[in-house]
Amino acid sequence: MMEVQIIDERLLKTLPLPQPAEGKKEERGRVCIIGGSREVPGAVFLAALGAMRAGAGKLQIVTVESRAGALAVAMPEALVIDLPETPAGGLQSEPVAFVASRWANTHALLVGPGMVEEQDCHEILKSLLDSSSEAVLVVDAGALPRITELGEGLRRYAGRVIITPHAGEMANLLSVDKELVEADPMAAASRLTDKFGVIVIMKGSKTVITAPDGIWRYEGGGVGLATSGSGDVLAGIVAGLAARGTKPVAAATWGVFLHGEAGAQLARTVGPLGFLAREIPNLIPKLMSETR
């Protein structure tokens, strides 16, 4: 087993974030978020806030047509692409593949927040892995359940795929009981990394990151981060950092740290419980500035 590195300010000072030239948003990278559904449109919004507060320069959102207008108003920084939805209100897979050229030049793709319809989610993820894109791919929530069926594509993308499961999702991926994952999250995450070459952010009270070249653990945060939408914000932060040109492992470690430290600050100022996921992104720019 590799030595576990603790994610703290000292570690992050060895992983400096890219600093773009002044005034050039193109140098801060493009991020595209694919997700949302009729009943859960807010997940994409929260991820978008995380990505932009992490410093991405340009934002695209791909979501269901019935909620695209509202998202465009709520997130005026985004170019919003509306696509047909299934009867249950999820994204249809075929139209996503058909318009993939719209985000061909993006630097980071996040897929999964707020998505429903497992088969369509699976086909959307498969089409992204089958593409020739050089983007970092962050896979979250609704795009995770059948990712282990896409081993060939994951290995082809090795080192550029970051997945963000919690214990329940990891248990499903490994076909084991949730209690086994909670008892040894590092071992669970390492199984997927060893098999597919993916970077795993294993979310929990002590979040673990496994990658082909190392293992990291973050010991901060707090129970308040276990709240609706928090994981969407984390996925967005990681994607935003990757869009800026941050190496995938560094994007994962920085993302986990910033998300956790924002939660710790909110616990002090708002209270240990009751702060909202939408409040997390506003603290990210200052935390980045103070840490680097």
Side-chain angles (χ1 to χ4, degrees), residues 1-12 14-15 17 54 108-112 125 129 135-141 143-221 225-226 230-242 246-261:
M1 180 72 73
M2 298 180 187
E3 180 182 354
V4 179
Q5 300 183 65
I6 300 301
I7 301 172
D8 56 17
E9 289 191 32
R10 184 172 58 178
L11 172 70
L12 296 180
T14 70
L15 301 168
L17 295 173
L109 281 162
L110 166 57
V111 58
L125 178 59
L129 288 170
V136 174
L137 181 59
V138 182
V139 185
D140 182 50
L144 280 171
R146 294 174 57 189
I147 193 172
T148 56
E149 298 175 26
L150 302 174
E152 184 178 339
L154 292 173
R155 294 185 191 95
R156 190 165 52 248
Y157 254 80
R160 288 192 289 128
V161 175
I162 303 169
I163 69 172
T164 62
H166 53 59
E169 290 165 334
M170 179 61 81
N172 175 65
L173 293 175
L174 297 177
S175 299
V176 300
D177 291 337
K178 180 180 175 182
E179 290 73 21
L180 288 176
V181 175
E182 292 174 329
D184 195 346
M186 190 177 301
S190 294
R191 282 181 60 184
L192 289 188
T193 294
D194 293 344
K195 187 170 183 178
F196 300 112
V198 296
I199 298 163
V200 180
I201 298 176
M202 181 69 246
K203 297 182 291 193
S205 58
K206 290 181 172 58
T207 293
V208 173
I209 300 172
T210 59
D213 56 350
I215 300 174
W216 297 262
R217 184 172 67 242
Y218 175 69
E219 299 182 337
L225 285 168
S230 178
D232 302 313
V233 173
L234 171 60
I237 294 169
V238 173
L241 292 169
T246 310
K247 298 295 185 185
V249 166
T253 53
W254 268 96
V256 166
F257 177 84
L258 293 169
H259 180 261
E261 293 301 298

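In this structure, the side chains of D177 and E179 come closer than 4.5 Å at one or more pairs of heavy atoms. Contact check for L180 versus D184: no side-chain heavy atoms found under the 4.5 Å cut-off.
Distance check: L154 CG to L125 CG gives 7.0 Å after rounding to the nearest 0.5 Å. To the nearest 0.5 Å, atoms CG (L150) and OH (Y157) are separated by 12.0 Å. Annotation: the span from L11 atom CG to W254 atom CH2 amounts to 9.5 Å, rounded to 0.5 Å. T253 OG1 to K247 NZ: the interatomic distance, rounded to the nearest 0.5 Å, is 13.5 Å. Here the straight-line distance linking atom CD1 of I7 with atom OH of Y218 works out to 9.0 Å at 0.5 Å rounding.
The shortest heavy-atom contact between V249 and A211 is CG2-CB, 3.7 Å. Taking all atoms of both residues into account, the shortest heavy-atom contact from A188 to V181 is CB-CG1, 4.1 Å. Here the closest heavy-atom approach between residue L241 and residue G255 is recorded as CD1-N, 3.6 Å. The nearest pair of heavy atoms linking T246 to A250 is CG2-CB, 3.6 Å. Shown here for A251 and A242, the closest heavy-atom pair between the two residues is CB-N, 4.0 Å. The two residues L144 and L173 come nearest to each other via the heavy atoms O-CD2, 3.1 Å.
Scanning for side-chain hydrogen bond (donor to acceptor under 3.5 Å, both in side chains) contacts around T207 gives an empty result, with sequence neighbours left out. Legend: residues meeting side chain to side chain contact (heavy atoms under 4.5 Å, CB included) with E152, ordered by chain and number and at least two apart, are R156. Remark: R191 pairs with L174, V176 by the side chain to side chain contact (heavy atoms under 4.5 Å, CB included) rule, at least two apart or across chains. Not counting sequence neighbours, the partners of E219 by the side-chain hydrogen bond (donor to acceptor under 3.5 Å, both in side chains) test are R217.
A donor-acceptor pair under 3.5 Å is formed between the side chain of H259 and the backbone N or O of S230.
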Under 3.5 Å, which donor-acceptor pairs link side chains of residues 192-202 to any protein atom two or more places apart or in another chain?
| from | atom 1 | to | atom 2 | distance (Å) |
| --- | --- | --- | --- | --- |
| T193 | OG1 | A189 | O | 3.4 |
| T193 | OG1 | V198 | O | 3.0 |
| T193 | OG1 | T210 | O | 3.4 |
| T193 | OG1 | T210 | OG1 | 2.7 |

Sequence neighbours left out, cut at 3.5 Å: what donor-acceptor pairs do the side chains of residues 159-172 make with other protein atoms?
| from | atom 1 | to | atom 2 | distance (Å) |
| --- | --- | --- | --- | --- |
| R160 | NH1 | S133 | O | 3.2 |
| R160 | NH1 | E134 | O | 3.2 |
| R160 | NH1 | A135 | O | 3.0 |
| T164 | OG1 | V139 | O | 3.4 |
| T164 | OG1 | D140 | OD1 | 2.6 |
| H166 | ND1 | G168 | N | 3.2 |
| H166 | ND1 | E169 | N | 3.2 |
| E169 | OE1 | H166 | N | 3.0 |
| N172 | ND2 | P145 | O | 3.3 |

